[in-house]
Structures are given as structure tokens and as C-alpha cells.
Number of protein chains: 2
Amino acid sequence: MISKKTKYALKALGYLAEHSTGDPILISELAKEENIPRKFLEAILVSLRKGGVLKSKIGKGGGYMLALPAAQITIGRVVGILEGGFALVECLNDNVKVACEECGDPACCGIRLVMSEVKSAIDSVLESTTLADMVERSESARQHKSKIMDYSI
Amino acid sequence: MISKKTKYALKALGYLAEHSTGDPILISELAKEENIPRKFLEAILVSLRKGGVLKSKIGKGGGYMLALPAAQITIGRVVGILEGGFALVECLNDNVKVACEECGDPACCGIRLVMSEVKSAIDSVLESTTLADMVERSESARQHKSKIMDYSI
DNA sequence: ACATAAGCCTACTTGATCTATAGACATAGG
DNA sequence: CCTATGTCTATAGATCAAGTAGGCTTATGT
């Protein structure tokens with residue numbers, strides 16, 4: 001289950017991707033428009049900045065902007081920043097080479113072997129989907145729906 | 001990330017699948033052999049029994065047995081029993097038709113659309129892998145390794 | 001230079017959930 | 001009836017997610 005943090009992050013990034021005009025967007029605007037607790041959002045945005053997907057401008061007239069085109073930001077990257085990797089068992093997280101306490105031999109641990117496959121499956125989706133895809137898909141779902149509404153009137 | 005509960009469950013089930021002779025196996029044996037806290041394991045086994053993958057015999061000479069052949073128990077089923085469904089967002093859990101508080105319109109929520117794809121990817125692995133597969137894969141990894149050891153001696 | 005509008009940082013609170021443990025109870029076998 | 005075994009209920013402790021508070025730093029415009 002992804003955390004609220006990650007959900008908020010994706011919502012905020014979606015908003016930035018949709019409303020970006022080159023000028024920075026205020027935290028308070030993001031918080032209000034996407035219904036995210038202001039202070040909580042601050043922390044999330046800092047993580048995203050440190051993770052390289054956002055850049056900020058301090059001081060009057062400041063705010064947040066995407067650091068990259070939305071089409072170059074994968075959902076996997078965002079999830080990775082906020083969930084700290086996205087493996088299903090510790091011993092599959094990037095950078096972690098130690099075995100879980102339980103499985104004596106990581107190479108032979110059945111659980112690890114299976115979960116490694118699951119992780120690949122997840123990653124292949126998450127790494128191939130970008131913020132731009134997400135926004136576009138949401139938009140087209142919305143249009144599709146309003147079209148149906150039209151017919152029914 | 002899967003919980004320890006789920007890991008313990010898979011380990012216990014793996015042991016049962018490997019050592020099943022028709023006679024029930026004691027909780028204490030499972031706990032000892034797989035290094036699982038005895039009382040914690042008890043609770044896990046009860047869940048698995050209620051979930052239909054184990055059956056128990058009470059009283060002297062009692063213990064636990066698989067309720068089905070290992071080849072008919074999917075890892076997805078086990079994970080589902082212990083994690084209570086395995087969606088990445090609430091609104092994708094089976095039986096749950098309500099929207100997450102955040103996404104006003106579930107049909108148009110980009111996050112939901114993406115996570116729904118991820119869930120499909122996870123499920124396709126988890127539902128197509130059985131306990132028997134897991135045990136067999138672990139076993140063959142172990143043999144492969146010992147073979148390499150042989151050569152190196 | 002100063003006032004103001006931003007983001008930045010550190011610390012804390014609260015509540016939930018995961019992990020683990022204890023002890024009394026129920027059931028079957030001999 | 002005694003003993004071995006699983007079952008149930010309750011609870012304690014640790015960890016973590018979610019949210020809150022307040023002060024600090026940096027930039028802009030006058």
C-alpha cells in the first residue's frame with residue numbers, strides 16, 4: 001500500500017505538470033487546490049526537491065517548479081523518493097546486499113526469489129509510466145466521461 | 001513491503017510442503033525449525049487455517065497439515081490472507097468500491113489508473129506462482145549452488 | 001535598509017499497526 | 001483422568017505514518 005505521502009506527492013506533481021507556466025507555484029496554492037495539509041506538503045516537496053524532480057525559488061515571488069519535463073519524470077522515481085525504494089522484502093531494496101534476518105541464504109530463499117519477480121513486474125510498470133502519462137490518462141478519462149454525460153442529456 | 005507475518009507464513013508453509021508425510025506437524029516443530037516466535041506463529045497458523053490453506057488436528061498427536069496440495073496454493077492467496085488484500089491504494093482492494101478520500105472521482109484519478117496497472121502486474125505473478133513452485137525454485141537454487149561448490153573443491 | 005513574502009529546518013504529538021508474549025481454555029488420545 | 005496439543009483473549013512494547021508548531025533563512029520591492 002502506498003502511503004498518503006506518496007499520493008500527495010503525485011497529486012502535487014500532477015498539478016504542477018498541468019498548471020506550469022514557467023513561473024513558480026506556491027506551496028499554499030498546491031495545498032489548497034489538492035487538499036493537502038500545508039505543513040505536511042512542505043516536507044514532501046522538500047523530499048522531491050532533494051530527489052531532483054522539483055526545483056524551488058526562495059523568497060518573495062518564489063515557489064515550486066518541475067525540475068524536468070513531466071515526460072521525463074517516471075512514477076517509479078517519485079515512489080522511490082518517498083517510499084525509499086519499493087521492494088517487497090528488505091533484501092531486494094537497491095543498495096541493500098545483506099540478507100533478511102530470516103532467510104539464511106539469500107540466493108536460495110524461495111520468498112526472495114518470488115518477490116524478486118514481483119518487484120520486476122512492478123518496476124516495469126512504474127519505470128515506463130511518466131508523470132505526463134499519468135496526467136494525460138487522467139485527462140482523457142475525464143473527457144471520455146463528460147462525452148458520455150453529453151449523450152445522456 | 002510484505003510484513004514479517006507474511007514471511008513467517010510462507011516459511012511455515014514451505015516447511016509443511018517439504019516435510020509433509022500425511023501426519024500433522026507440530027507448531028513447536030515449525031517454530032523451532034524456521035526460527036519463528038512460537039506464540040506469534042500460532043496466530044499466523046490460525047489465520048491460514050481460516051483462510052483455507054491449512055487444516056489442524058487438536059489434541060494429542062495433533063498439529064498442522066496443508067489443506068490442499070502445494071501446487072494448488074498460490075502465493076497470492078497466502079499474501080492475501082495475511083495482508084488483507086494486496087492493493088497499493090485502498091480504492092483498489094477487492095470488495096472496496098468507495099473512492100479514496102483524496103481522489104474526488106475514482107474513474108478519473110490518475111494515481112488510481114496507474115496503480116491499477118501495477119496491481120495487475122503484481123497479481124499476475126502472485127496468482128501464477130504456487131507454494132510448490134516456490135519450494136521447487138528454492139530447492140533447485142540450493143542444488144545449483146552445491147554443484148558449484150563441488151566444482152570449486 | 002527595511003518590511004514582507006516566500007521556502008527551509010527541527011522538533012514534537014498523536015494514533016495506528018506490527019511484533020511479540022502470557023495465560024487460561026478446549027479437545028483428543030491412551 | 002492425565003497429558004499433549006491446538007484455540008482464544010488480552011495486552012505490552014516498538015516502530016512508523018500523519019499531522020502540527022514555531023522559528024530561521026533568503027529574496028524582492030520600495
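In what follows, chains are A, B, ... by sequence order, proteins preceding strands, each numbered from 1.
- By the rule that hydrophobic residues join a cluster once side-chain heavy atoms approach within less than 4.5 Å of another member, A:Tyr8 and A:Leu66 end up as members of one cluster.
- A 4.5 Å side-chain heavy-atom check between B:Glu83 and B:Ser3 finds at least one atom pair inside the cut-off.
- Annotation: of the two residues near DNA chain D, B:Ile58 and A:Lys60, the 5′-most nearest-nucleotide partner is B:Ile58.
- From the 5' end on, the contacts that DNA chain C makes with chain A at under 4.0 Å to a non-hydrogen atom open and close at C:dA5 to C:dC9.
- Judged by distance alone, with hydrogens and angles left aside, the side-chain atoms of A:Thr129 form no donor-acceptor pair with the main-chain N or O of A:Leu126 at under 3.5 Å.
- If you measure from atom CD1 of A:Ile36 to atom C1' of D:dT20, you get 16 Å, rounded to the nearest angstrom.
- Atom CD of A:Glu117 is separated from atom OG of B:Ser124 by 9.5 Å, given to the nearest 0.5 angstrom.
- Donor-acceptor pairing under 3.5 Å is recorded for the side chains of A:Asp133 and A:Thr130.
- Counting heavy atoms from C-beta on, the side chains of A:Leu48 and A:Leu82 come closer than 4.5 Å.
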- Derivation and outcome, salt bridge (charged side-chain N to carboxylate O under 4.0 Å, His left out), residues B:Glu29 and B:Lys32: CA-CA 5 Å; B:Glu29 177 179 346; B:Lys32 190 180 170 195; over 6 Å; no
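- The phosphate of D:dT7 (OP1 or OP2) has a side-chain N or O of B:Ser56 nearer than 4.0 angstrom.
- Under a 4.0 Å N-O distance rule, the pair A:Arg142/A:Glu139 qualifies as a salt bridge.
- Rounded to whole Å, atom P of D:dT20 lies 14 Å from atom NZ of A:Lys5.
- Taking atom CG of residue A:Asn35 and atom C1' of nucleotide D:dA18, one finds them 16 Å apart after rounding to whole Å.
- Between A:Tyr64 atom OH and D:dA27 atom P there is a gap of 14 Å when expressed in whole angstrom units.
- Within residues 38-54 of chain B, the residues approached by DNA chain C to less than 4.0 Å at the level of any non-hydrogen atom are B:Lys39, B:Phe40, in residue-number order.
- Rounding to whole angstrom units, CD1 of residue A:Ile2 and C1' of D:dC16 are separated by 17 Å.
- Counting heavy atoms from C-beta outward, A:Leu30 and A:Leu45 have side chains that approach closer than 4.5 Å.
- Checking side-chain atoms of B:Arg77 against main-chain N and O of B:Gln72 turns up no donor-acceptor pair under 3.5 Å.
- Of the residues in residues 19-27 of chain A, none has a non-hydrogen atom less than 4.0 angstrom from any atom of DNA chain D.
- Between the side chain of B:Glu127 and the backbone N or O of B:Thr74 there is no donor-acceptor pair closer than 3.5 Å.
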